[in-house]
Amino acid sequence: QVQLVESGGGLVQAGGSLRLSCAASGSFFSINAMGWYRQAPGKQRELVAIITEISISRYADSVKGRFTISRDNAKNTVYLQMDSLKPEDTAVYYCYAQVKVYSDSPYSSHWGQGTQVTVSS
């Protein structure tokens, strides 16, 4: 089983910063992409940022220049540094990982339980 455990959410004022972390644990062969999605009340879940095993990253247009994704492959951990936060960034943030459980199995998608980020104006 693969577990993704997030930390770092909370309440912050507009213009402030937060850093999210997500560590993958359990039994698996390898991890390809890791990333972050978010879901605000009444809206669909959307991609925030994603990063490959060789650190190629992609961002949603709404967070470019404000958020930075990184990962530590040795620790199976992905980070999201969020700066210049805006009230519209308020959402539950979900960690995502593309995991190969066995060497001969296809990659499968795994999700964390979500962490709340609230930005007050």
Side-chain angles (χ1 to χ4, degrees):
Q1 282 282 26
V2 179
Q3 294 87 39
L4 300 178
V5 179
E6 301 127 332
S7 60
L11 173 64
V12 65
Q13 288 189 331
S17 298
L18 283 173
R19 188 187 193 217
L20 305 182
S21 299
C22 172
S25 63
S27 178
F28 50 86
F29 178 75
S30 66
I31 301 177
N32 186 15
M34 298 186 80
W36 296 91
Y37 285 70
R38 67 186 181 187
Q39 187 168 19
K43 295 188 176 181
Q44 288 190 331
R45 190 174 297 190
E46 63 175 1
L47 173 70
V48 177
I50 197 161
I51 186 168
T52 70
E53 189 176 9
I54 56 172
S55 295
I56 296 172
S57 57
R58 180 163 60 96
Y59 296 89
D61 288 343
S62 59
V63 306
K64 282 181 182 176
R66 300 188 298 121
F67 291 10
T68 303
I69 191 170
S70 61
R71 66 188 281 176
D72 184 334
N73 291 333
K75 296 181 180 179
N76 295 318
T77 300
V78 63
Y79 306 96
L80 186 68
Q81 178 66 41
M82 304 185 293
D83 299 318
S84 302
L85 282 160
K86 304 175 181 179
E88 50 264 44
D89 294 318
T90 295
V92 177
Y93 283 69
Y94 295 92
C95 178
Y96 165 84
Q98 229 176 22
V99 180
K100 185 183 285 277
V101 177
Y102 303 105
S103 60
D104 59 350
S105 62
Y107 281 105
S108 54
S109 296
H110 298 264
W111 296 90
Q113 79 284 359
T115 185
Q116 178 70 45
V117 171
T118 302
V119 184
S120 63
S121 57

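It should be emphasised that the depicted structure is a prediction, and the values quoted were computed from it without experimental measurement.
For the pair D83 and S17, the tightest heavy-atom approach, listed with the atom from each and the gap, is OD1-OG, 2.7 Å. Across all non-hydrogen atoms, the minimal contact from S57 to I69 is CB-CG2, 3.7 Å. Of all the heavy atoms in A24 and L4, the pair that sits closest is CB-CD2, 3.5 Å. Heavy atoms only, all atoms of each residue included: A91 and A40 are closest at CB-N, 3.8 Å. Nearest heavy atom pair, residue K43 against residue Q39, reads O-NE2, 3.1 Å. Nearest heavy atoms, G114 versus Y94: CA-CD2, 3.6 Å.
Taken together through direct or relayed side-chain contacts under 4.5 Å among Ile, Leu, Val, Met, Phe, Trp and Tyr, W111 and L47 form part of one hydrophobic cluster. Both V92 and Y37 sit in one connected hydrophobic cluster of ILVMFWY residues. Membership requires side-chain heavy atoms under 4.5 Å apart, directly or through other members. Follow the hydrophobic side-chain contacts under 4.5 Å out from V119 and you reach L80 in the same cluster.
With hydrogens and angles disregarded, no donor-acceptor distance shorter than 3.5 Å links the side chain of T118 to the backbone of T90. With R71 contributing its side chain and T52 its backbone, the two residues share a donor-acceptor pair below 3.5 Å. No donor-acceptor distance shorter than 3.5 angstrom exists from the side chain of Y96 to the backbone of I50, with no hydrogens or angles considered. Side-chain atoms of S105 do not come within 3.5 Å of backbone N or O of K100 as any donor-acceptor pair. Judged by distance alone, with hydrogens and angles left aside, the side-chain atoms of Q116 form no donor-acceptor pair with the main-chain N or O of G9 at under 3.5 Å.
Proximity of Y107 to I31: side-chain heavy atoms (C-beta onward) are nowhere separated by under 4.5 Å. The shortest side-chain heavy-atom distance between M82 and V117 falls under the 4.5 Å cut-off. Side-chain contact between R38 and S62 is present, with at least one heavy-atom pair separated by less than 4.5 Å.
Of the candidates Y79, W36, F67, W36 is the only one forming a side chain to side chain contact (heavy atoms under 4.5 Å, CB included) with L20.
Here the CD-CG distance, from Q81 to L18, works out to 8.5 Å after rounding to the nearest 0.5 Å.
Salt-bridge check for D61 with K64: passed, with a basic side-chain N closer than 4.0 Å to an acidic carboxylate O.
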